[in-house]
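The next block holds one structure in the form of structure tokens; read it before the comments.
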Amino acid sequence: MGYLGLALGALVVALVPSLWRAFVFLTWRPYQVTRTFRKQGVNGPEYRFWSGSIQDIRSMTKAAKEIEMDVDSHDIVPRVLPHYTKWISQYGGTFLYWFGAQPRLCITDTEQIKQVLSNKFGFFTKSTPNPSILALLGRFGLVLTEGSEWFRHRRVVSPAFTMDKLKMMTKRMADCTLSMLDCWNGLIVQAEGQQTAIEVNKQFQELTADVISHSAFGSSYMEGKEIFLAQKELQKIGLATILDIDIPGYKYLPTRRNRQKWKLERKVRNSLVRIIQSRLNSKHLGYGNDLLGLMMESAEKQEGLGMDMDEIIDECKTFFFAGHETTSHLLTWTMFLLSTNQEWQDRLREEVVRECGTEIPNADNLSKCKLVTMVLFETLRLYCPVIRMFRKAAKDMNLGGLVVPKGTTLSLPIAIIHRSKELWGDDANRFNPLRFKNGITKAAKHPNALLAFSIGPRACVGQNFALLEAKMVTALILQRFSFSLSPEYKHKPADMLTLQPQSGLPIVLKPLEI
Ligand code: HEM
């Protein structure tokens with residue numbers, strides 16, 4: 001006994017607070033949260049110690065990956081959110097499940113969702129992302145900051161996205177697209193009259209990375225491309241770890257994956273530091289009229305809004321990831337829908353030729369292409385690149401009569417809201433762009449039913465950029481090619497952080513005389 005006993009005793013005493021916290025976190029709180037919701041009639045799968053519902057999510061998601069859908073079916077939910085499909089059928093539209101010991105409440109009521117997204121007081125914060133997503137977007141970027149920090153960043157970033165600034169970027173968008181279309185022509189010539197399919201999802205990812213590299217970094221776009229490649233690798237790591245429970249301290253261990261992540265993070269950071277530093281060095285010439293320049297100028301002009309190097313770096317990471325990945329998938333799904341709805345492809349081509357002729361379109365004549373806009377909105381409804389959003393209750397909250405305890409994560413499943421028959425009518429699962437003929441707010445029973453860019457103060461700052469780019473690319477393609485789906489295509493929409501076709505989108509293109 002003696003010293004050994006004393007040492008053991010001291011160890012137990014030292015460990016008691018940690019053990020108590022672990023007990024509360026892993027057992028007591030799940031029990032209490034479950035009880036609070038059960039009393040209010042909200043049910044869901046049982047909490048399992050430590051892993052919560054993760055094993056169920058894993059096995060359902062794995063099985064759903066095997067489902068191949070009919071190309072005319074747009075009901076992607078059983079494939080991309082199979083656990084939600086199951087739990088909604090068992091427990092209704094509001095249910096509680098567990099991401100490890102973290103309670104997640106799924107809500108599908110549009111008024112409750114609006115209440116969460118419109119909250120101006122920061123009572124529903126972004127939930128803590130996993131370390132790989134953090135590496136992709138940056139801790140200090142607009143997507144992840146909160147409170148007064150977010151407010152300051154938003155004021156700095158917003159002026160770079162006004163319509164007059166975006167108009168200046170349309171030529172760059174057109175130039176990048178035309179160079180991709182030249183490559184397509186080259187591939188068609190090479191095929192010597194044989195029908196050839198081009199995998200456009202990959203092409204659009206490269207194109208939108210090219211556009212954001214030019215738009216964000218101007219003449220330094222080649223370095224921007226390197227960032228793109230490193231971010232693609234980081235995204236793969238993010239995807240592989242998306243269902244991992246966050247173990248405290250694990251992110252600091254030199255595992256193979258962590259070491260690879262650190263290396264990529266360093267590469268992205270070094271490239272960005274070089275680009276930003278060269279702007280600072282030539283400050284006397286002006287910061288430039290690309291996104292980075294406009295942001296640096298805005299930070300300098302508005303008193304008290306200055307940003308340090310780390311903040312600018314993270315904002316660039318955010319632009320880069322948020323700005324190209326989502327837009328590329330919007331283009332991919334638009335091509336898919338126009339390939340499977342040839343009459344709409346013809347109508348759109350007629351409209352583009354009527355409004356823009358065979359010239360390179362500009363922001364003004366693109367804004368007259370109403371049918372193109374409707375098709376883009378309908379694509380964003382059926383194949384929204386972001387299929388759900390999360391928020392965390394920063395304090396006990398009341399959501400239209402439902403008490404939500406502090407710390408609960410709210411899951412807002414956009415893909416489900418976008419196909420609710422109650423909101424969109426009986427044809428909710430059908431492609432019908434005309435539902436948007438009177439604009440977004442009149443397309444469904446609730447004015448905020450389209451959530452593709454989110455709503456409220458934290459709605460997407462880049463939505464006009466994305467729509468302008470998507471219109472430009474679609475118009476240039478329609479002017480030059482007719483297209484159809486390759487028989488090789490397998491309709492397997494998959495959530496890989498953003499919604500994309502699991503094995504790409506091969507499209508057969510036929511050049512048109514212009
Ligand atoms: C089709 C294309 C796009 C879609 C569907 C989309 C979707 C979204 C969504 C749903 C959010 C809200 C996320 C949340 O609150 O959890 C968001 C936020 C954001 N998006 Fe986009 N986005 C697109 C294009 C872009 C582009 C082109 C940029 C920049 C160049 C951009 C930059 C941002 C930023 C910075 C935020 C955070 C805004 C804030 O919290 O204040 N996005 N986007």
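Read the numbers this way: they start at 1 and go in the same order the structure lists the ligands and their atoms.
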Ser73 side chain to Asp75 side chain, donor-acceptor N/O pair below 3.5 angstrom = no
Would you check if there is a donor-acceptor pair between the side chains of Glu146 and Thr125 at a distance under 3.5 Å?
->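 Absent: no donor and acceptor within the cut-off.
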[atom] - nearest protein heavy atom and its distance:
atom                    : result
atom 5 (C) of ligand 1  : Ala452 O, 3.6 Å
atom 38 (C) of ligand 1 : Arg154 NH1, 3.4 Å
atom 15 (O) of ligand 1 : Arg391 NH2, 2.7 Å

Contact partition for [X] relative to ligand 1, non-hydrogen atoms under 4.0 Å:
X      : result
Phe390 : neither
His324 : neither
Ile414 : neither

Quick one: do Glu111 and His446 satisfy side chain to side chain donor-acceptor pair (under 3.5 Å)? Show the steps, please.
-> CA-CA 9 Å; Glu111 265 311 308; His446 193 285; 2.8 Å; yes
Please indicate whether any nitrogen or oxygen in Arg458 is less than 3.5 Å from any nitrogen or oxygen in ligand 1.
-> yes
For ligand 1, find out whether one of its N or O atoms is nearer than 3.5 Å to an N or O atom of Lys126.
-> yes
Please list, in chain and residue-number order, the protein N/O/S atoms closer than 2.8 Å to atom 21 (Fe) of ligand 1.
-> Cys460 SG
